[in-house]
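Contents: one structure, followed by commentary.
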Amino acid sequence: MATFSIRTFGDPVLKTPTTDITEFDDALVRLVEAMIQTMYDAPGVGLAAPQVGVQKRLFVYDIGEGPGVVINPVLSDFRGDWTYHEGCLSVPELWWDITRAKQVRLTGIDLDGNELDIEADELLARVFQHEVDHLDGVLLLERVSSDERKEAMRTLRQRALGLPGDRAEAPR
Ligand code: ZN
């Protein structure tokens, strides 16, 4: 099974909004299969097309109930607040407590072209909001406080320079 390397912070593809998918062909099926395998290998609970360099409105997910794919997703009916420890495969090894809607409704299309309409709560709602952010060119770093962002940028710069950084788990 082919897999992708996951694009990380600094890659302009992550900041570029995506376009709707109009062709439901074999190439789309192969893309989805490779994205699911890439998500499992990472491992992660969701993966959006821009994270593998594809500017299309599509993401895959699995919160432990089997893989799902949503094409041309739209979120609506945001209800409540839920704070949860959230990370991103494109900003590896950093996590923040982020407040998002506790419940959302997601509509879209599945791989067979059927309409999807999913009421999501807590973790599933979190994954949906995170992945749709990716499709809009929004990274997790834009959802944290300015202090947290500064700290994260410092860590990412140190990593880029090959320095050990200041990760809590780093040996001293
Ligand atoms: Zn992400």
Side-chain angles (χ1 to χ4, degrees), residues 1-21 27-28 30-63 67-75 78 82-101 104 106 108 123-172:
M1 168 70 65
T3 57
F4 294 101
S5 59
I6 296 176
R7 307 298 182 92
T8 52
F9 176 78
D11 190 320
V13 77
L14 294 170
K15 304 279 281 181
T16 312
T18 49
T19 55
D20 274 352
I21 287 172
L28 180 64
R30 283 195 298 274
L31 170 64
V32 166
E33 286 173 351
M35 282 178 62
I36 289 171
Q37 192 60 49
T38 303
M39 172 179 72
Y40 286 147
D41 287 352
V45 294
L47 187 70
Q51 294 182 277
V52 297
V54 176
Q55 293 305 135
K56 294 288 180 189
R57 214 163 165 80
L58 153 77
F59 71 84
V60 298
Y61 67 96
D62 187 347
I63 60 164
V69 51
V70 187
I71 294 158
N72 303 340
V74 176
L75 290 173
F78 298 84
W82 192 52
T83 303
Y84 188 73
H85 211 50
E86 185 172 337
C88 177
L89 294 174
S90 293
V91 193
E93 295 175 56
L94 293 173
W95 287 267
W96 299 272
D97 286 328
I98 292 177
T99 303
R100 296 186 189 257
V104 293
L106 178 115
L123 181 59
L124 187 59
R126 171 65 47 132
V127 171
F128 286 173
Q129 291 172 84
H130 181 112
E131 302 311 329
V132 170
D133 265 359
H134 275 302
L135 302 181
D136 293 334
V138 175
L139 263 189
L140 194 53
L141 284 171
E142 293 167 58
R143 298 280 183 205
V144 303
S145 73
S146 60
D147 282 350
E148 288 170 324
R149 188 161 48 243
K150 271 185 217 149
E151 166 112 32
M153 298 304 292
R154 195 157 46 231
T155 303
L156 292 167
R157 266 198 305 274
Q158 284 172 328
R159 276 193 208 160
L161 293 170
L163 298 172
D166 53 3
R167 284 158 48 197
E169 67 268 36
R172 301 200 173 261

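- Remark: T83 engages T99 in a side chain to side chain donor-acceptor pair (under 3.5 Å) (not counting sequence neighbours).
- If you take CG on L135 and CG on L58, they are separated by 7.5 Å, rounding to the nearest 0.5 Å.
- Here S145 pairs with D147, E148 under the side chain to side chain contact (heavy atoms under 4.5 Å, CB included) rule; sequence neighbours left out.
- Interatomic distance, CG of L106 versus OH of Y61, reported as 8.0 Å (0.5 Å rounding).
- Interatomic distance, L123 CG to H130 NE2, rounded to the nearest 0.5 Å: 11.5 Å.
- Put simply, CZ on R7 and CG on L89 are 14.5 Å apart, with the number rounded to the nearest 0.5 Å.
- With sequence neighbours left out, K150 forms a side chain to side chain donor-acceptor pair (under 3.5 Å) with no residue at all.
- Shown here are the ring-ring contact (aromatic ring centres under 6.0 Å, His included) partners of W82, two or more places apart in sequence or in another chain: Y84.
- Side chains of R100 and D133 form a contact here, defined as non-hydrogen atoms less than 4.5 Å apart.
- Salt-bridge formation is not detected for the pair E86/R143: no Lys NZ or Arg NE/NH1/NH2 atom is positioned less than 4.0 Å from an Asp or Glu carboxylate oxygen.
- Separating the CZ atom in F4 from the CG atom in L31 is a distance of 5.0 Å, to the nearest 0.5 Å.
- When side chains are defined from C-beta on, R126 does not count as touching H85, because their heavy atoms never get closer than 4.5 Å.
- At a threshold of 4.5 Å between non-hydrogen side-chain atoms, the residues P67 and V60 do not count as touching.
- Rounding to the nearest 0.5 Å gives a distance of 6.5 Å between CG of L47 and OG1 of T38.
- Here the side chains of L140 and F9 are not in contact, with every heavy-atom distance at 4.5 Å or above.
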Output, in order, the C-alpha distance, side-chain angles, deciding distance and verdict of side-chain contact (heavy atoms from CB on, under 4.5 Å) for M35 and M39. CA-CA 6 Å; M35 282 178 62; M39 172 179 72; over 6 Å; no
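- In this structure T8 satisfies the side chain to side chain donor-acceptor pair (under 3.5 Å) test with no other residue, sequence neighbours excluded.
- Among pairs with a residue in residues 37-62, those fulfilling salt bridge (Lys or Arg N to Asp or Glu O under 4.0 Å) read R57-D136, at least two apart in sequence or across chains.
- Side-chain contact of T3 with Q37: a donor-acceptor pair under 3.5 Å is absent, judged by distance alone.
- Side-chain contact check for E131 versus P73: every heavy-atom pair is 4.5 Å or farther apart.
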